[in-house]
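As C-alpha cells, the structure follows; a few thoughts come after it.
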Amino acid sequence: MTDLAETLDRAACEARAVPQSPPGKSLSLDDAYRAQARVVARRLERGERPVGLKVGLTSEAKMRQVGVREVILGRLTDAMQISDGGFVDLGRMIHPRVEPEVAFLLSRPLPPTSDPASVLACVAGVAAALEIIDSRYQGFRFDLGDVVADNASSAGFVLGPWHPVGTDVGDIPIELALAGETGETGSSAEILGHPLRALAEAGRIAAVQGIPMAAGDVVLSGAATAAIPLRDGAQVNARFGALGHLTLRAGFGARTTAT
Ligand code: OOG
Ligand code: MG
C-alpha cells in the first residue's frame, strides 16, 4: 500500500488530484497530523526550509465553504512564498484558490495557552497576507483528517511589510477583489473574533501534536473570507485597512520571476 504522505506529496509535485479517504475510513486526528509531518518532511528532504505555520478554518465563511468545522494547523516552507505583486503559475497547481489573512511574526515560540497576553508577548510584527490553497483532493473535497494530512491545503503565501506589534488588528476591514469578478469582503474580526485567538490555537495544536516552531516564524491566522478560485489571467487586489494592500497575478507559463 502506498503511504498517504507519499501519495499527497506526489499529487502536489505532479499537480494531479487524488481521491479522499473512502467513506468510513476517516483518519484519526493524531494519524492525520503524523501524515502531515511526513508530507512536510519530504519537502524538507528536497531542501525546502520551514518558515512558519498556518492556522486554518478560523472563520465561519471558511468553515461553511469547505464543510469542516475544526481549527487546523499546517506548516509553511520558504518555497511557498511569493512576493507581493508576484505571479502564480497555474501549471504547477491543481485548482488553487486565494484568500485574505493576517500574518504574525514570532519573536519566540508560542506557549500552549490561550491567554491573550502571553500570546501577544510572542509577537514581533503583524502584516497583511494572501494565502494560496490548493487541496490535493479531487473536487477540493475532504474531511478533517484528509485536510490535516494534506498540510491544510498549503500551497503558497504572500506577505506585506511588517507593522509594529501595537497595530490593532482586531477589526481590520478586508477586501479581496479579482479584476472582472465579484470579490469577497470581511473583517479580521471574523477570524475567531480576533486574529490573536488564532495564534493561541496555533500554540495549543502545536503543543498537542508536537509541531515545531521558532523565533522568526510567520503564522498565518486563517482566512477572514471564503477563498476565490484563481483562474488564468486572474489579477488579485486585496486591501487590508491600516495593513495596506497586496496584489498577485495568476496564469499559465514561465513568468515565474515575480517582482
Ligand atoms: C483548508 C485550509 C483552510 C484557512 O485559511 O481557513 C485555510 C482549505 O480551505 O482547503 O487555509
Ligand atoms: Mg488559509
Side-chain angles (χ1 to χ4, degrees), residues 8 11-12 15 17-21 26-27 29 32-33 35-36 39-40 51-77 80-82 88 93-104 127-160 169 172 174 176 184 186-202 205-206 209 211 217-230 236 238 240 246 248:
L8 289 169
V18 295
Q20 27 289 115
S21 55
S26 295
L27 285 176
L29 197 56
Y33 276 106
Q36 179 189 112
V39 165
V40 174
V51 296
L53 306 172
K54 61 154 286 181
V55 192
L57 309 181
T58 49
S59 67
E60 176 59 28
K62 280 293 302 184
M63 292 188 277
R64 199 179 323 122
Q65 185 173 37
V66 299
V68 177
R69 307 197 71 86
E70 198 157 324
V71 177
I72 59 177
L73 197 57
R75 292 178 64 195
L76 304 173
T77 72
M80 297 176 190
Q81 188 161 4
I82 302 164
V88 180
M93 306 228 170
I94 303 167
H95 38 206
R97 296 176 177 177
V98 62
E99 54 189 24
E101 312 218 358
V102 172
F104 294 97
L130 289 173
E131 187 181 17
I132 317 297
I133 48 170
D134 190 29
S135 174
R136 266 56 69 167
Y137 297 107
Q138 291 163 357
F140 226 106
R141 282 193 313 274
F142 42 72
D143 68 10
L144 175 63
D146 291 332
V147 67
V148 165
D150 186 25
N151 195 25
S153 309
S154 307
F157 66 97
V158 179
L159 292 178
V169 295
I172 300 253
I174 293 179
L176 176 65
E184 293 282 341
S187 155
S188 61
E190 277 150 81
I191 303 166
L192 294 178
H194 194 300
L196 275 178
R197 296 219 177 100
L199 261 196
E201 281 296 289
I205 299 170
Q209 299 297 342
I211 295 172
D217 274 2
V218 172
V219 183
L220 300 182
S221 56
T225 72
I228 303 182
L230 274 178
V236 181
F240 300 80
L246 296 172
L248 189 67

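Side chains included, hydrogens not; waters and symmetry mates left out as well; all remaining heavy atoms used. Counting starts at 1 for both ligands and their atoms, following the listed order. Numbering starts at 1 and runs along the sequence shown.
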Practice problem: To the nearest 0.5 angstrom, please state how far the CD atom of E101 sits from the CD1 atom of I133. | Solution: 8.5 Å
Quiz item: Measuring from Q36:CD to L27:CG, what's the distance to the nearest 0.5 Å?
Solution: 12.0 Å
Quiz item: By number and element, which atoms of ligand 1 are closer than 4.0 Å to a non-hydrogen atom of F140?
Solution: 10 (O)
Quiz item: What do you reckon, does S135 have a nitrogen or oxygen under 3.5 Å from a nitrogen or oxygen of ligand 1?
Solution: no
Exercise. Determine, stepwise, if the pair D143 / S21 fulfils side chain to side chain contact (heavy atoms under 4.5 Å, CB included).
Key: CA-CA 8 Å; D143 68 10; S21 55; 3.7 Å; yes
Quiz item: For ligand 1, does L57 get within less than 4.0 Å through its side chain, its backbone, both, or neither, judged by non-hydrogen atoms?
Solution: both
Quiz prompt | Identity of the nearest option to atom 10 (O) of ligand 1, non-hydrogen atoms only, from A227, A223, S153 | solution = S153
Quiz item: Tell me, which protein residue and heavy-atom name are nearest atom 4 (C) of ligand 1, and how many Å apart are they?
Solution: E99 OE2, 3.2 Å
Practice problem: Could you walk me through whether T58 and E201 pass the side chain to side chain contact (heavy atoms under 4.5 Å, CB included) test, one step at a time? | Solution: CA-CA 9 Å; T58 49; E201 281 296 289; 5.9 Å; no
Quiz item: Going through the checks in order, is the side chain to side chain contact (heavy atoms under 4.5 Å, CB included) test met by V71 and L57?
Solution: CA-CA 5 Å; V71 177; L57 309 181; 5.7 Å; no
Self-check item: Enumerated ligand 1 atoms positioned under 4.0 Å from heavy atoms of G56
Solution: 3 (C), 4 (C), 6 (O), 7 (C)
Quiz prompt | Protein contact of atom 9 (O) of ligand 1 - nearest heavy atom, named by residue and atom, plus distance | solution = K62 NZ, 2.8 Å
Quiz item: Closer than 4.0 angstrom: is that true for some heavy atom of A152 and an atom of ligand 1?
Solution: yes
Quiz item: Please state which protein non-hydrogen atom is closest to atom 11 (O) of ligand 1 and give its distance, to 0.1 Å?
Solution: K54 NZ, 2.6 Å
Practice problem: Check I172 against S188 and note the closest heavy-atom contact, atom names and distance. | Solution: N-OG, 2.7 Å
Practice problem: Please identify which atoms of ligand 1 are closer than 4.0 Å to at least one heavy atom of V66. | Solution: 9 (O)
Practice problem: Taking only heavy atoms of G222 into account, list the atoms of ligand 1 that are under 4.0 Å away from them. | Solution: 5 (O)
Quiz item: Has Q65 got any heavy atom lying under 4.0 angstrom from an atom of ligand 1?
Solution: no
Quiz item: How long is the gap from CZ on R136 to NE2 on H95, to the nearest 0.5 Å?
Solution: 8.0 Å
Quiz item: Can any side-chain N or O of Q65 pair as donor or acceptor with the backbone N or O of A227 at less than 3.5 Å?
Solution: yes
Quiz item: Near E101, which atoms of ligand 1 are under 4.0 Å from a heavy atom of that residue?
Solution: 5 (O)
Practice problem: Please identify which atoms of ligand 1 are closer than 4.0 Å to at least one heavy atom of I133. | Solution: 8 (C), 9 (O), 10 (O), 11 (O)
Practice problem: Hey, could you give me the OG1/CD distance between T225 and E60, rounded to the nearest 0.5 Å? | Solution: 13.0 Å
Quiz item: Do the side chains of P229 and F140 get nearer than 4.5 Å, heavy atoms only?
Solution: no
Quiz prompt | Those atoms of ligand 1 less than 4.0 Å from some heavy atom in V147 | solution = 1 (C)
Practice problem: Give the atoms of ligand 1, by number and element, whose distance to some non-hydrogen atom of F142 is under 4.0 Å. | Solution: 8 (C), 10 (O)
Quiz item: How many angstroms lie between CG in L53 and CG in L76, if you round to the nearest 0.5 Å?
Solution: 7.0 Å
Self-check item: L73 CG to N151 CG distance, which is reported to the nearest 0.5 Å
Solution: 9.0 Å
Quiz prompt | the Mg ion (ligand 2) - closest N/O/S atom in E101 | solution = OE2
Exercise. Would you name the N/O/S atom of E99 that lies closest to the Mg ion (ligand 2)?
Key: OE2
Quiz item: Which N, O or S atom name in E131 marks its closest approach to the Mg ion (ligand 2)?
Solution: OE1
